Amino acid sequence: MERYALGDSAAFGTLYRRHETRIWRYLERNVGNRATAEELMQEVWFAVAREAPRYQPTARFTTWLFTIAHNRMVDAVRAGQRQVSLDALGYDSASVIRQLTTQPASGPLAATLAREQGSALARALAQLPGEQRDAFLLHIEAELSVDEVAAVTGSTFETTKSRLRYARSKLRDLLSEFA
Amino acid sequence: MSNLPTNEDEFAETDALYRRLSAEDPGRPDGKVRQAVLEHATLLTRRSQVRATDEYVYSWDRPRRAWRRPSAFGALAASLLAVIIFGPRFGAHPMPARSVPAAYERPVSETPVYADIGNSKPMPMPMQAPASVAPEAVPQPAPPRERHGDAPANAVAAAAASAGAGAPSRAEATDATQAIGGMSASRAMGAPAPMAAAAPAAKTSGVNVPTQSAAAAADYGPALRRAAEDADLPALRELHDKRVNLDSRDAQGRTALMLATLHGHSQAVSALLAYGADPNLADASGETPLDAALAADESEIIAELKHNGAR
């Protein structure tokens, strides 16, 4: 980040590739819509580039990055942009689970199943309340501590910890077929 | 809260399961998103580099400007000192040598002599002035035209007349002219009444411009032209307030506007034009202020003159 702030545009490319997947998963799984997630993805990284000269490495870059992503995501949800498109995918989680357990994990079919598996994971996350899902994704995808998640989301430590426990408990039930 | 799991191992298993499933998810943003983001970042980098270049240029220029300031003050102080030391000496001459382009310098003997009457056209005068008539000292048979700024006909002549000397001789006129130019010296030496009447007219600094009653008997032409040469705007304004003749001429037929133009004083030119000076009065050689400004390539003065009807 400091290299980019000094004018090294290649450093920004490295930064983007390093965090692209995690930011993408966080946004897409929170908003549940690919188009909206792509818009947010651009907004987040545009903001990162714009704020680079003022970036102060007082905290982890990941925390700063996911704070921006969280704020953008919340704004989008509040603006009514969130569109749950999981149902539009036409997948039935039971059938996906069945296929995962019966089909070999190789070849073109495995790739298709992996996509379907990802959809099932997104479907499970979509069943969580927004605050729990957000806290869980920040904790898992961004690898933030409970304290950091609380700081990013503007919640107390206890509230965040409680949200994480509820989210994990529900996901454990929803993904039990994959265990 | 009863269904809330308390076993951290169960949570670890859930996290591991999520990570495994998530890792197998091939979902990625479209390649266009990455392209747009990286292009935007590159663009911002270029902009910041351009700004940095600008700042570098300015920072390079800043020391130069910092260097200019003391040097400008130094030059100003040196000029002021030179004026204080040598001013009275040069002031004794009606038209001291200045940095006027050589093209405008003409021998006095070859130029016609004009009376300070404010005529709009140069008066045809003999190439050699009569020995008994000095510049600025030609008595006028007719009253000056009713133009704004007209001054009394001739201060020196009036002063000489009041002294009962009849027509002034060349020596007397020269003395009077010197008294006009070197007013401070004459004052210090206790100038006689006629000189004292003419002396205030030469005061160009605006400190002691005569009152209206004194103005009636004084000739402000030299003072006006010196103020124009020196770009002494306060003096120009005060002389204008005394309703002096703005178009009075020196021995070479040059008006205050012409002198201000020759010295490149655009502010003095603007002031004189604003006060009503005629922009088309040529000097003895037929050169107008616009000609002089064009020859010196003084674009600002050219524009100002043209704006005020100069041809």
Side-chain angles (χ1 to χ4, degrees), chain A residues 4-13 15-17 20-21 23-25 27-29 34-35 37-39 41-42 44-46 48-50 52-53 100 105 110-111 113-115 117-122 124-125 136 139-141 162 164-173 175-176 178-179, chain B residues 1-70:
Chain A
Y4 173 68
L6 293 173
D8 185 358
S9 56
F12 190 86
L15 203 62
Y16 179 85
R17 282 186 287 276
E20 177 188 36
T21 305
I23 285 284
W24 171 253
R25 287 175 182 164
L27 292 173
E28 190 198 26
R29 290 171 185 177
R34 185 177 178 85
E38 285 183 346
E39 286 179 16
M41 186 78 171
Q42 281 195 31
V44 168
W45 285 101
F46 282 6
V48 170
R50 193 168 52 249
L100 284 172
L113 290 176
R115 282 195 296 273
Q117 187 176 338
S119 298
L121 186 61
L125 286 169
F136 178 77
H139 184 61
I140 297 294
E141 293 293 351
S162 176
L164 284 172
R165 293 171 69 182
Y166 276 110
R168 283 163 160 166
S169 176
K170 196 162 187 176
L171 281 176
R172 184 192 59 187
D173 295 339
L175 300 175
S176 60
F178 296 98
Chain B
M1 297 292 286
S2 60
N3 61 345
L4 189 65
T6 55
N7 190 344
E8 291 296 327
D9 292 338
E10 290 183 10
F11 287 162
E13 288 177 7
T14 304
D15 291 352
L17 176 62
Y18 172 85
R19 287 195 176 97
R20 181 171 62 81
L21 294 174
S22 181
E24 293 172 0
D25 180 10
R28 296 288 184 279
D30 195 273
K32 293 177 181 176
V33 175
R34 173 186 294 188
Q35 186 180 355
V37 167
L38 296 182
E39 284 178 357
H40 182 75
T42 305
L43 179 67
L44 289 181
T45 304
R46 286 179 186 163
R47 284 182 185 169
S48 65
Q49 285 171 348
V50 169
R51 280 197 296 271
T53 304
D54 290 345
E55 288 170 4
Y56 173 76
V57 170
Y58 293 142
S59 65
W60 171 79
D61 194 40
R62 198 171 298 124
R64 290 178 59 201
R65 284 182 286 176
W67 171 80
R68 285 176 188 157
R69 185 171 295 177

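The figures that follow rest on heavy atoms only: side chains count, while hydrogens, waters and symmetry mates do not. What you see is a predicted model, and the numbers here were worked out from it, not measured in a lab.
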Enquirer: Counting heavy-atom pairs under 4.5 Å with chain B, which one of E141(A), K170(A), H139(A) comes out on top?
Expert: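 Of the candidates given, the most pairs with chain B belong to E141(A).
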Enquirer: Using only atom types and a distance under 3.5 Å, with no angle test, would you say the side chain of R34(A) pairs donor to acceptor with the backbone of R28(B)?
Expert: yes
Enquirer: Output the option from V37(B), L38(B), D30(B), T42(B) having the highest count of non-hydrogen pairs under 4.5 Å with chain A.
Expert: V37(B)
Enquirer: Can you find a heavy atom in the side chain of T14(B) that is under 4.5 Å from one in the side chain of L175(A)?
Expert: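 Counting from C-beta outward, T14(B) and L175(A) never come under 4.5 Å.
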Enquirer: Against chain B, work out which of E28(A), R25(A), M41(A), R17(A) has the most heavy-atom pairs shorter than 4.5 Å and name it.
Expert: R25(A)
Enquirer: What part of R19(B) gets closer than 4.5 Å to chain A, counting heavy atoms only: side chain, backbone, both or neither?
Expert: side chain
Enquirer: Please report the interatomic distance CZ(F12(A)) to NE2(H40(B)), rounded to the nearest 0.5 Å.
Expert: 8.0 Å
Enquirer: Rounded to the nearest 0.5 Å, what's the gap from CG on L44(B) to CZ on R50(A)? Could you check?
Expert: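 Rounded to the nearest 0.5 Å, the CG-CZ separation comes out at 8.0 Å.
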Enquirer: Could you go step by step and tell me if L125(A) and Y18(B) meet the side-chain contact (heavy atoms from CB on, under 4.5 Å) rule?
Expert: CA-CA 10 Å; L125(A) 286 169; Y18(B) 172 85; 3.8 Å; yes
Enquirer: Answer with side chain, backbone, both or neither: which region of F46(A) has an atom nearer than 4.5 Å to a non-hydrogen atom of chain B?
Expert: both
